[in-house]
Amino acid sequence: MRTSPKKIAIVIPCYNEAKSIAHVIERFSRAQLNRRHLQCYFYVVDNNSTDDTAHQAKQAGAQVISESRKGKGFALRAGFRAVAADIDFVVMLDGDDTYSPEEVVRMIEPLQNDFCDVVVGSRLGGRIQTAAMPPFNRFGNWLFTNAVRVLYRANVTDVLSGYFAWKKETLDSLYPHLKSEGFAIEMEMITKMARMGHRLTSVPISYHPRAGDSHLRPIHDGVRILKMLLKNLAWSPGRLPVTLPARPRKIVFVSDSVYPYMKGGKEKRLYEISQRLADMGFEVHIYTMKWWKGKGPIMQKKVTLHAICRHYQLYKGNRRSIKQAIFFGLACFKLLSVKLDVLDVDHMPFFPIISSWIVCRLRLRKFYGTWHEALSREEWAGYMGRGSSVASAIERLSIKLPHTITAASAHTKKALATLHGRVEDVALVASGIDSRRLLAIQPAAVRCDVLFVGRLVKDKNVNKLIEAIRYINKDIPEIQCIVIGAGPEKERLAQLVEKRELRKNVVFLEPTFSADEIYAYMKAAKVFCLPSIREGFSLVTVEALGCGTPVVTSDAPANAAKQLVQDGQNGSIVSCEPAELAKALLYWVKLPQKPEVSQTVANFDWDTLARQQAEVYTR
């Protein structure tokens with residue numbers, strides 16, 4: 001009987017390694033690995049490269065993760081976070097072609113045989129090619145290595161090597177303790193693993209002259225490495241939690257709307273992350289309104305949905321229903337009888353935040369909240385009119401209550417800090433895409449020049465899109481715009497299409513499609529348009545870009561979607577005036593071929609984001 005292959009995650013931190021990264025990935029011998037029943041998955045961390053590193057890595061078959069905080073330590077931690085839960089071994093090496101990927105089997109063998117928990121590739125004990133390591137660097141490495149062997153009793157012969165291999169569970173136990181930002185990360189890992197009692201060993205490896213310029217500053221970085229060596233002499237792991245708990249813990253989410261009954265961005269985010277948390281071993285429950293028929297809770301794959309109140313309409317006209325918010329908020333007191341370890345509540349419509357906070361105070365549990373947007377008083381006035389001051393006050397109170405807030409976008413995190421002064425204990429975990437799933441989907445067999453997908457409400461400005469199509473119609477009479485969505489504005493928008501005589505150009509479709517069918521429309525479209533003035537993150541923008549379709553969106557201050565768009569590269573950011581929208585849409589429609597834009601959202605993968613969310617709960 002054939003043995004199932006062991007899975008190896010290859011984590012490669014990169015800064016401006018476009019010349020070498022593809023070659024590094026290609027040098028991993030698939031034939032050699034297959035013979036030994038090993039299967040590699042590549043995770044390249046692009047650490048603010050200004051060259052073509054990300055594109056080259058993706059073309060070579062790697063999953064690309066972007067890390068905006070500069071430094072090898074930040075890059076490696078981002079890569080470790082991205083590693084899938086079912087991986088058996090994790091290998092780290094640099095992307096500058098100084099190490100030999102062909103030697104990965106030698107690195108893995110001691111782990112497979114349970115000889116050790118960690119393998120460190122030793123250049124000093126192996127073969128260093130001429131000019132690969134200057135004499136000064138070699139002497140410093142020798143000095144640091146012997147100090148670690150004496151002070152930490154660590155069985156390693158090259159403490160500054162960039163070639164490591166771990167058992168996955170060993171890396172999981174180490175990860176929460178890693179703090180280093182730069183080149184001291186290798187010293188931190190070895191000294192802390194020695195203090196934690198992990199079994200370390202070294203194997204001889206080859207070392208080659210690097211491709212391009214070195215980013216190491218020997219004196220400056222040497223001082224940091226020395227400080228790390230000395231600092232960790234007094235360090236002990238204590239009782240910090242690992243990235244994932246040793247036993248399943250019960251996570252309870254509260255959200256008045258859930259996917260697929262509502263197909264908005266926040267509902268899709270909760271669905272994708274909750275399912276992946278369940279895959280990690282957590283027991284996951286969602287408490288919501290009664291969206292389904294029948295009695296009792298229902299199973300949504302591995303997640304249990306519970307109804308704590310009957311279904312109320314979410315909207316009254318273009319605004320959220322106050323009645324629904326109050327009744328759902330009161331229903332959250334039922335959580336007093338629910339056993340839980342983690343309670344995380346969707347911030348809208350605020351009343352559940354207040355009642356759930358009381359539940360957590362009485363149950364002696366930390367209280368978590370997920371925020372999709374944060375509004376200024378002026379924005380509340382534009383949305384609510386009369387009553388905006390009360391709504392704004394409730395929002396400010398709600399923001400103070402959670403022990404930890406998860407911001408669903410960088411825009412929201414910034415707004416929480418600048419508008420409301422909430423800086424401490426705010427984690428950033430965005431929404432994302434299933435990259436592998438999108439790759440397998442074929443474009444829909446329809447003509448679609450311009451596509452909109454979303455709820456048809458006033459803030460989405462679909463009327464401005466229709467007016468823009470009227471402008472384009474003069475230049476391209478056969479222009480085709482598809483609008484997929486439902487909502488209170490639909491009838492008015494249909495009347496506008498009739499008035500502008502655009503029945504042949506603008507088609508409305510009900511949002512009854514599966515997610516894959518929506519993605520097929522996104523792949524078929526030449527450009528995606530989101531003229532919204534208010535978006536907390538805009539999952540639909542990430543999805544469109546992930547499908548390879550450029551996005552035109554508005555420059556409105558409260559539109560977080562614009563932070564995902566690089567103007568002129570993967571889309572356009574313009575004012576919401578129809579003439580400006582038309583000009584931008586026309587540019588992308590007339591391109592003979594869609595540009596490659598999917599790599600701009602490569603770091604927004606659900607697997608990565610779910611692990612980040614798990615870390616929020618297990619810190």
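Given the structure is predicted, the values throughout are model-derived calculations rather than measurements.
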Can you check whether W357 reaches V345 side chain to side chain, under 4.5 Å on heavy atoms? no
My understanding is that only residues two or more places apart in sequence, or in another chain, count here; which of them pass salt bridge (Lys or Arg N to Asp or Glu O under 4.0 Å) with E373? R534
Heavy-atom check, side chain of Q324 versus side chain of D256, under 4.5 Å: yes
Can any side-chain N or O of T412 pair as donor or acceptor with the backbone N or O of W371 at less than 3.5 Å? no
Separation of I469 CD1 from L465 CG (nearest 0.5 Å): 5.0 Å
Should Q300 and Q275 count as side-chain neighbours, where that means a heavy-atom distance under 4.5 Å? yes
With sequence neighbours excluded, give me every salt bridge (Lys or Arg N to Asp or Glu O under 4.0 Å) pair touching residues 322-339. none
Are V574 and S554 packed together at the side-chain level, in the sense that at least one heavy-atom pair is separated by less than 4.5 angstrom? no
All heavy atoms of A468 vs all of A582, minimum pair found to be O-CB, 3.6 Å
Set of ring-ring contact (aromatic ring centres under 6.0 Å, His included) partners for F74, sequence neighbours left out: none
Does the side chain of T406 come under 3.5 Å of the side chain of Q613 through a donor N or O and an acceptor N or O? yes
Hey, are the side chains of V338 and L343 touching, using non-hydrogen atoms and a 4.5 Å cut-off? no
Using 4.0 Å as the upper bound for N to carboxylate O, is an ion pair formed by R249 and E283? no
With sequence neighbours excluded, what pairs up with R365 under the salt bridge (Lys or Arg N to Asp or Glu O under 4.0 Å) test? none
Kindly indicate, with the supporting measurements, whether the criterion side chain to side chain contact (heavy atoms under 4.5 Å, CB included) is fulfilled by N505 and I472. CA-CA 10 Å; N505 305 102; I472 299 173; over 6 Å; no
Closest non-hydrogen atom pair between N47 and G71, with its separation: OD1-N, 2.9 Å
S257 and W291, any side-chain heavy atoms less than 4.5 Å apart: yes
Are any side-chain N or O atoms of E272 and backbone N or O atoms of R269, one a donor and one an acceptor, separated by less than 3.5 Å? no
Donor-acceptor contact below 3.5 Å, side chain W380 vs main chain S388: no
Using a 3.5 Å cut-off and no angle test, enumerate the donor-acceptor pairs between side-chain atoms of residues 303-316 and protein atoms at least two apart in sequence or in another chain.
residue, atom, partner, partner atom, Å
H306, NE2, H285, ND1, 2.8

Salt bridge (Lys or Arg N to Asp or Glu O under 4.0 Å) partners for D567, two or more places apart: none
Carboxylate-amine/guanidinium proximity below 4.0 Å for E67 and R81: yes
Looking at R276 and D434, is there a salt bridge between them, counting it only when a charged N and a carboxylate O are closer than 4.0 Å? yes
Do K490 and L493 have side chains that get closer than 4.5 Å, going by heavy atoms? no
Looking only at side-chain N and O atoms, does S532 offer a donor or acceptor that is under 3.5 Å from a partner on E535? yes
Determine which pairs satisfy ring pair (Phe, Tyr, Trp, His ring centres under 6.0 Å) with at least one residue from residues 385-423, sequence neighbours left out, and list them in order. none
To the nearest 0.5 Å, atom CD1 of I433 lies from atom CZ of F604 at 9.0 Å
Rounded distance (nearest 0.5 Å) linking atom CG of L438 with atom CG of D516: 8.5 Å
Any residue meeting side-chain hydrogen bond (donor to acceptor under 3.5 Å, both in side chains) with S274, in chain and number order, not counting sequence neighbours: none
Taking Q569 for its side chain and Q566 for its backbone only, find out whether a donor-acceptor pair lies under 3.5 Å. no
Apply side chain to side chain contact (heavy atoms under 4.5 Å, CB included) to K250 and V284, showing your working. CA-CA 6 Å; K250 186 173 181 179; V284 184; over 6 Å; no
Identify, with sequence neighbours excluded, every residue that meets side chain to side chain contact (heavy atoms under 4.5 Å, CB included) alongside K562. T553, N559, I573
Where the side chain of E596 meets the backbone of S598, is there a donor-acceptor pair that is under 3.5 Å apart? yes
So, the side chain of R361 versus the backbone of R363: is there a donor-acceptor pair under 3.5 Å, distance only? no
Which residues pass the side-chain hydrogen bond (donor to acceptor under 3.5 Å, both in side chains) test with Y271, sequence neighbours left out? K301
Sub-3.5 Å donor-acceptor pair from the side chain of S66 to the main-chain atoms of D46, do we have one? no
If a pair satisfies ring pair (Phe, Tyr, Trp, His ring centres under 6.0 Å) and one of its residues is in residues 483-514, list it, with sequence neighbours excluded. F513-Y521
Quick one, N461 and N463 - any side-chain contact, counting heavy atoms below 4.5 Å? yes
May I ask you to decide if L545's main-chain N or O and T549's side chain share a donor-acceptor pair within less than 3.5 Å? no
Within the distance-only criterion (no hydrogens, no angle test), does the side chain of K594 pair as donor or acceptor with the backbone N or O of K523 below 3.5 angstrom? yes
After noting the C-alpha distance and the side-chain angles of T370 and D346, does the key distance pass the side-chain hydrogen bond (donor to acceptor under 3.5 Å, both in side chains) rule? CA-CA 5 Å; T370 298; D346 184 346; over 6 Å; no
Would I405 and L416 count as a side chain to side chain contact (heavy atoms under 4.5 Å, CB included) if you check the C-alpha gap in whole Å, the side-chain angles of each, and the deciding distance to 0.1 Å? CA-CA 10 Å; I405 287 178; L416 286 168; 3.9 Å; yes
Lys/Arg N to Asp/Glu carboxylate O, K526 vs D449, below 4.0 Å: yes
Who are the salt bridge (Lys or Arg N to Asp or Glu O under 4.0 Å) partners of D605, not counting sequence neighbours? none
Between I273 and A430, what is the shortest heavy-atom contact and its length? CD1-O, 4.5 Å
Under a 4.0 Å threshold between the charged nitrogen and the carboxylate oxygen, would E395 count as salt-bridged to K400? no
Taking all atoms of both residues into account, what is the closest heavy-atom pair of L270 and S255, and its distance? CD2-CB, 3.7 Å
Examine distances only and state if a side-chain atom of R470 and a backbone atom of I466 form a donor-acceptor pair shorter than 3.5 Å. no
From K590 NZ over to L586 CG, what is the distance, rounded to the nearest 0.5 angstrom? 4.5 Å
Mind running side chain to side chain contact (heavy atoms under 4.5 Å, CB included) on I476 and V589 for me, showing each step along the way? CA-CA 10 Å; I476 307 177; V589 166; 4.1 Å; yes
Parallel, tilted or perpendicular: which one describes the rings of F452 and F528, with boundaries at 30° and 60°? parallel
Any carboxylate oxygen within less than 4.0 angstrom of a Lys/Arg side-chain nitrogen, looking at K458 and E489? no
List the atom of S538, the atom of L564, and the distance in Å for their closest heavy-atom pair. O-CD1, 3.8 Å
Quiz question: by atom type and distance under 3.5 Å, do the side chains of N570 and T600 form a donor-acceptor pair? yes
When every non-hydrogen atom of K460 is compared with those of P531, the smallest separation belongs to O-CG, 3.3 Å
